[in-house]
Amino acid sequence: MNIQIFIISENEDLHLLEDCLVGMHGCKTKVYRGIFNAISELIKRPADLIVIDTEGFKSSSGEILEAINRACPESQLIIISGHLNGKMSGAYNDGAELYNSNVICSFSRPFVIDKLFKTI
């Protein structure tokens, strides 16, 4: 079974996740720096899991999540957003509740790659 994972982030630290997933049996990982490239690819080739870091994009978190849901409604989402001292991430509050059946979990910065890896 091949699990297709898309990582969408403009932050370098999240790209380290790809290195962690390389050895994971049955996973194919693709990293996208831009949301528009990721969305156009999702339309062509849906992902099973999308790890999206909403920080740094010009669009709001709600707009990003809505676009992802339209492109690939069956994908599961893990959302990463700003520093919130343990509170629910801003991305989730900004629109993911509309798609809560797709959202597995939400991480706020700072997060630990190991915890994210274990969640996946």
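Legend: residues meeting side-chain contact (heavy atoms from CB on, under 4.5 Å) with Pro46, ordered by chain and number and at least two apart, are Cys72, Glu74. Judged as a side-chain contact (heavy atoms from CB on, under 4.5 Å), and not counting sequence neighbours, the contacts of Asn37 are Tyr32. For Lys44, the salt bridge (charged side-chain N to carboxylate O under 4.0 Å, His left out) test picks out Glu41, with sequence neighbours left out.
Screening Thr119, Leu116, Leu77, Ile79 against Val51 for a side chain to side chain contact (heavy atoms under 4.5 Å, CB included) leaves a single residue, Leu116.
The closest side-chain heavy-atom distance from Thr54 to Ile8 is not below 4.5 Å. Inter-residue side-chain proximity for Ile52 and Ile80 is flagged as unmet; no heavy-atom pair is nearer than 4.5 Å. Using a 4.5 Å cut-off on side-chain heavy atoms (C-beta onward), Ile104 and Leu49 make contact.
Here Ile64 contributes atom CD1 and Asp53 contributes atom CG; the two are 9.5 Å apart, rounded to the nearest 0.5 Å. Between the CD1 atom in Ile3 and the NZ atom in Lys28 there is a gap of 12.0 Å [rounded to 0.5 Å]. The distance from the SG atom of Cys105 to the NZ atom of Lys115 is 11.5 Å, given to the nearest 0.5 Å. Arg45 contributes atom CZ, which lies 7.0 Å from atom NZ of Lys30 (distance to the nearest 0.5 angstrom).
Considering all non-hydrogen atoms of both residues, Ala71 and Ile43 come closest at CB-CG1, 3.7 Å. When all heavy atoms are compared, the tightest approach of Phe6 to Ala47 is CD1-CB, 3.7 Å.
Counting only residues at least two apart or on different chains, no ring-ring contact (aromatic ring centres under 6.0 Å, His included) pair has a member in residues 35-56. Within the structure, ring-ring contact (aromatic ring centres under 6.0 Å, His included) contacts touching residues 60-79 (residues at least two apart or in different chains) do not occur.
Side chain of Asn102 to backbone of Ser75: a donor-acceptor contact under 3.5 angstrom is found.
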**Report entry** side-chain contact (heavy atoms from CB on, under 4.5 Å) between Ile50 and Leu42, intermediate numbers included
**Finding:** CA-CA 10 Å; Ile50 301 168; Leu42 280 169; 3.7 Å; yes

